[in-house]
Amino acid sequence: MGTYPVAPGRLTPGTQITVAVLWEREDKSEVGAVWEMTPGVLDETQGNESFVILSGRSRVDFPDGRVLEFGPGDVGVLAPGDTCRWTTLETMRKVVVFRIT
């Protein structure tokens with residue numbers, strides 16, 4: 001797994017995010033990957049992804065006050081334009097499909 005690029009100031013210092021790309025559409029419109037984050041906060045995440053949590057626990061907070069909690073076996077979809085904050089409570093690994101617009 002390689003380092004997942006995150007803009008400065010969006011990630012709690014010391015928190016690590018890694019990714020392994022499993023596949024990518026030829027037109028680069030979708031990417032399938034295994035994504036892992038150690039405990040910490042990732043701010044200003046944009047939606048447009050579907051995922052299943054393999055291990056760990058996370059909470060996703062939205063500006064409108066919605067809060068979703070995810071653990072092993074949970075499935076989620078973040079719609080295009082959804083802005084949220086991921087708080088990883090236990091190192092979390094997910095299989096994810098990102099849709100690039």
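All values below were derived from every heavy atom in this structure, side-chain atoms included, with hydrogens, water molecules and symmetry-related copies excluded. This is a predicted model, so every value here is computed, not measured.
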Group every Ile, Leu, Val, Met, Phe, Trp and Tyr by side-chain heavy-atom contacts under 4.5 Å, then state whether V95 and V97 land in the same group. yes

Using a 4.5 Å cut-off on heavy atoms from C-beta on, say whether the side chain of T18 contacts that of Y4. no

Worked verdict on V34 versus M1 for side chain to side chain contact (heavy atoms under 4.5 Å, CB included): CA-CA 8 Å; V34 175; M1 301 225 332; 4.0 Å; yes

Nearest heavy atoms of D27 and S29, plus distance in Å: OD1-OG, 2.7 Å

Using atom types as modelled and distance alone, determine if a side-chain donor or acceptor of T12 lies under 3.5 Å from a backbone N or O of V41. yes

Step-by-step side chain to side chain contact (heavy atoms under 4.5 Å, CB included) determination, E36 to I17: CA-CA 6 Å; E36 184 175 274; I17 299 177; over 6 Å; no

Any side-chain donor near an acceptor of the partner, T38 and T91, under 3.5 Å: no

Strictly distance-based, threshold 3.5 Å: is any side-chain N or O of T15 a donor or acceptor partner for the main-chain N or O of P39? yes

V77/E49 under side chain to side chain contact (heavy atoms under 4.5 Å, CB included): CA gap, chis, key distance, verdict: CA-CA 6 Å; V77 175; E49 68 178 70; over 6 Å; no

Hydrophobic clusters here meaning ILVMFWY residues chained together by side-chain heavy-atom distances under 4.5 Å, can you tell me if V67 and L89 are in one? no

Would you say CD of E30 has more than 12 non-hydrogen atoms from neighbouring residues, nucleotides or ligands within 6.0 angstrom? yes

Please find the pair of heavy atoms, one from G56 and one from P72, that lie closest to each other, and give the distance. O-CD, 3.3 Å

Going through the distances and angles, do D82 and F62 end up as a side chain to side chain contact (heavy atoms under 4.5 Å, CB included)? CA-CA 8 Å; D82 273 351; F62 296 88; 4.0 Å; yes

To the nearest 0.5 Å, what is the distance between CG on D74 and NZ on K94? 12.5 Å

Please collect all salt bridge (charged side-chain N to carboxylate O under 4.0 Å, His left out) contacts where either partner lies in residues 6-24, sequence neighbours excluded, each pair once. E24-K28

Flag side-chain contact, heavy atom, 4.5 Å: F98 against V21: no

What is the distance from atom CZ of R93 to atom CE of M37, rounded to the nearest 0.5 Å? 14.5 Å

Do I53 and V31 sit in one hydrophobic cluster, given that two such residues count as connected whenever their side-chain heavy atoms are within less than 4.5 Å of each other, even indirectly? no

I'd like to check R59 versus F70 (side-chain heavy atoms, cut-off strictly below 4.5 Å). Are they in contact? no

One pair to check against ring-ring contact (aromatic ring centres under 6.0 Å, His included): F51 and W86. What are the steps and the verdict? CA-CA 13 Å; F51 57 87; W86 277 90; 5.5 Å; yes

Salt bridge between R66 and D64, side-chain N to carboxylate O under 4.0 Å? yes

Report yes or no: do S50 and R99 form a side-chain donor-acceptor pair below 3.5 Å? yes

Measure the shortest side-chain to side-chain distance between R85 and V60 over non-hydrogen atoms and say whether it is less than 4.5 angstrom. no

Checking side-chain contact (heavy atoms from CB on, under 4.5 Å) against C84, which of D43, L68, L78 comes through? L78

With clusters defined by side-chain heavy atoms of hydrophobic residues (ILVMFWY) lying less than 4.5 Å apart, directly or transitively, does V19 cluster with M92? yes

